[in-house]
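Written below as structure tokens is the structure these notes are about.
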Amino acid sequence: MTRDSQCFSPPAFPDRLPRMILVINSGSSSIKFALYESPNQKLTLGGIAESLHTPQSVLKHRFHQIDETTPLPHADHQTALEQIITLLRSKFGEPALTGIGHRVVHGGDFFGKPTLIGKQVVQKIETLCELAPLHNPANLLGIRAMQTLFPGVPQFAVFDTAFHQTMPPKAFRYAVPEAFYRDHGVRRYGAHGTSHEFVANRAAEILERPLAELQLITVHLGNGCSACAIRDGRSADTTMGFTPQEGMMMGTRSGDVDPTLHHYLATKTGESLEAITQKLTRESGLLGVSELTNDCRELELRANAGHEKARFALELFCYRAAKHVLGMAAALSRLDALVFTGGIGENSPFIRRTIVGHLAMLGLNLVPAANESNGQHTNGQISTGDGPSVLVVKTDEELAIARQTADLVSGGQ
Ligand code: ADP
């Protein structure tokens with residue numbers, strides 16, 4: 001969508017004022033925020049309001065390398081966002097915002113690129129809530145609150161699904177009756193696109209080759225987990241599907257299960273389909289299998305201390321992740337690099353080592369010391385030899401959203 005098609009003109013600010021881009025990533029229980037000096041995207045203030053709706057709600061922020069935490073017991077999204085804006089104003093007065101970028105998880109097939117938010121866009125995001133019930137409603141809360149607080153500032157939605165709009169039909173269609181697709185939009189959309197695209201670009205920089213010439217598999221392992229096959233700089237396939245529930249085992253999400261499971265469990269237990277979906281979404285994955293926690297770091301500690309279910313949850317997580325990585329290889333003709341990112345992918349040598357251990361046929365050759373230090377001293381490279389590179393790349397979805405927002409503000413799309 002071009003700037004003109006949205007009748008949008010960037011606001012005129014006096015040159016002496018810093019031009020700032022605010023990024024809001026409003027999730028179900030947390031809100032990440034970051035303020036960038038545009039156009040060079042220098043981070044000036046950032047943080048997170050987390051554990052919302054609980055007595056432990058807090059606002060953490062970093063300003064000039066100094067971290068501060070403010071308790072916000074029982075804060076909801078609106079309260080947390082107001083606190084974030086109060087914080088902003090305490091540091092910058094009335095910040096000269098040229099644009100606000102919002103992360104939106106599900107854009108269906110309506111949105112193939114970042115989009116200026118108007119009434120119709122909000123309505124579309126609303127209708128897509130049924131495809132991402134954990135995420136889109138929270139994203140909308142952030143959008144609405146910011147529209148109220150900054151009515152004159154243009155706001156943009158950056159969609160997690162947009163990067164995957166380049167998938168060919170053989171990757172995005174399911175083998176179900178055509179009418180499901182035609183009448184109900186039942187197809188694979190993918191998610192985490194902003195992260196996959198960001199780390200792919202960074203991988204190209206590390207490898208000193210144009211992204212358009214590379215064939216990559218990027219593996220985002222955080223609370224949500226997905227892999228993406230990237231060919232010619234575009235998403236060729238990904239593991240999340242109609243919703244961000246498909247694919248890999250995740251923190252609390254099951255990932256792939258047999259399609260008849262809902263019917264079987266509903267018949268067996270008398271539970272509603274909704275209750276079963278809830279269990280597969282919020283009570284499965286690492287949490288469900290370990291019966292302990294969805295926190296991977298904690299599970300590693302417990303597994304090392306002899307906790308069998310923690311050990312098994314991690315074993316299952318890695319094996320299933322490796323199967324999905326190999327599935328992505330079907331979309332490529334060769335592999336130049338396997339790229340790990342996300343909280344787990346960036347920080348867990350054990351998880352990377354175990355997944356790579358299941359991928360012997362890809363000819364990956366990990367360097368143990370580089371893997372142990374998360375590639376910190378080797379520019380992200382943790383492999384050697386003639387085979388595909390293995391990289392650890394820190395994702396930065398907020399920076400990616402800021403860059404895309406700045407592009408739209410300046411009309412440089
Ligand atoms: P989100 O998807 O919510 O953005 P993150 O990408 O921050 O989540 O990932 C959170 C996950 O990363 C948690 O399971 C956490 O335990 C895991 N993690 C963070 N640091 C480590 C570490 N050093 N070792 C293992 N897991 C880690």
Side-chain angles (χ1 to χ4, degrees), residues 23-34 46-52 54 58 60 62 103-106 132 134-135 138-139 142 158 160 190-196 198-199 202 218-228 238-240 243-245 247-253 255 281-290 292-305 307 310-311 313-318 320-321 339-356 371-376 382 392-401:
V23 174
I24 299 289
N25 180 350
S26 176
S28 52
S29 64
S30 71
I31 301 169
K32 291 183 188 158
F33 65 98
I48 182 167
E50 58 188 1
S51 307
L52 298 178
T54 73
V58 283
K60 298 177 180 169
R62 171 172 286 200
R103 178 188 184 203
V104 179
V105 167
H106 216 307
L134 279 187
H135 301 100
N139 304 152
V158 178
D160 269 18
H192 280 156
T194 306
S195 175
H196 288 298
F198 181 87
V199 299
R202 180 74 195 108
T218 49
V219 186
H220 180 115
L221 304 175
N223 277 314
C225 300
S226 69
C228 181
T238 192
T239 57
M240 284 177 167
T243 72
Q245 169 77 357
M248 295 177 161
M249 175 174 168
M250 313 186 203
T252 63
R253 285 172 252 170
T281 308
R282 292 187 188 261
E283 299 171 30
S284 295
L286 289 172
L287 171 66
V289 177
S290 69
L292 265 182
T293 174
N294 60 322
D295 189 296
C296 181
R297 186 172 14 193
E298 171 79 14
L299 284 174
E300 287 187 33
L301 290 171
R302 299 295 289 266
N304 288 337
H307 194 290
R311 188 205 62 74
L314 295 171
E315 181 183 345
L316 192 61
F317 179 86
C318 292
R320 293 182 70 101
V339 184
F340 285 101
T341 191
I344 300 173
E346 292 163 24
N347 296 302
S348 175
F350 166 77
I351 296 283
R352 289 191 301 264
R353 184 170 67 241
T354 311
I355 292 175
V356 168
N371 183 46
E372 286 308 311
S373 64
N374 299 321
Q376 269 173 12
I382 58 168
V392 179
V393 174
K394 187 169 164 22
T395 194
D396 193 336
E397 286 161 299
E398 283 72 34
L399 177 58
I401 293 170

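Each ligand, and each atom within it, is numbered from 1 in the order the structure gives.
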Inset, instruction - Distance to 0.1 Å, residue and atom name: give those for the protein heavy atom nearest to atom 4 (O) of ligand 1. - result: Lys32 NZ, 3.4 Å
Inset, instruction - Please confirm whether His192 comes under 4.0 Å of ligand 1, counting heavy atoms of the residue only. - result: no
Legend entry - Identity of the nearest option to atom 13 (C) of ligand 1, non-hydrogen atoms only, from Gly27, Gly343, Cys296, Ser348: Cys296
Legend entry - Qualifying residues under side-chain hydrogen bond (donor to acceptor under 3.5 Å, both in side chains), relative to Thr341, sequence neighbours excluded: Glu346
Inset, instruction - Kindly indicate whether the side chain of Asn347, heavy atoms from C-beta on, has any atom under 4.5 Å from the side chain of Arg297. - result: no
Inset, instruction - Would you please say whether a donor-acceptor pair under 3.5 Å links the side chains of His196 and Ser226? - result: yes
Inset, instruction - With heavy atoms of Asn223 as the reference, note each atom of ligand 1 found under 4.0 Å away. - result: 1 (P), 2 (O), 3 (O), 8 (O), 9 (O)
Inset, instruction - Starting from atom 16 (O) of ligand 1, locate the nearest protein heavy atom and write down its residue, its atom name and how far away it is, to 0.1 Å. - result: Asp295 OD1, 2.8 Å
Legend entry - Check: Arg297 N/O within less than 3.5 Å of ligand 1 N/O: yes
Inset, instruction - Taking the side chain as every heavy atom from C-beta outward, state whether Met250 and Asn223 have any atom pair closer than 4.5 Å. - result: no
Inset, instruction - Give the contacting part of Glu300 toward ligand 1: side chain, backbone, both or neither, where contact means a heavy-atom distance below 4.0 Å. - result: side chain
Legend entry - Structural part of Glu397 in contact with ligand 1, heavy atom criterion under 4.0 angstrom: neither
Inset, instruction - Give yes or no for whether the N/O distance cutoff of 3.5 Å, strictly under, is met between His220 and ligand 1. - result: no
Legend entry - Nearest neighbour of atom 24 (N) of ligand 1 from the list Asn25, Leu287, Asn347, on a heavy-atom basis: Asn347
Inset, instruction - Would you mind reporting whether Lys60 and Glu50 have side-chain heavy atoms less than 4.5 Å apart? - result: yes
Inset, instruction - Please verify whether a non-hydrogen atom of Asn294 lies at under 4.0 Å from ligand 1. - result: yes
Legend entry - Note, Ile351 side chain near Glu300 side chain (heavy atom, < 4.5 Å): yes
Legend entry - Identity and distance of the protein heavy atom lying nearest atom 17 (C) of ligand 1: Ile344 CG1, 3.6 Å
Inset, instruction - For residues Met248 and Leu221, determine if any side-chain heavy atom of one lies less than 4.5 Å from a side-chain heavy atom of the other. - result: yes
Inset, instruction - Please name the residue in the list Thr194, Asp160, Val158 that meets the side chain to side chain contact (heavy atoms under 4.5 Å, CB included) test with Arg103. - result: Asp160
Legend entry - Any residue meeting side-chain hydrogen bond (donor to acceptor under 3.5 Å, both in side chains) with Glu372, in chain and number order, not counting sequence neighbours: Arg353
Inset, instruction - Return yes when Gly224 approaches ligand 1 closer than 4.0 angstrom through a heavy atom, no otherwise. - result: yes
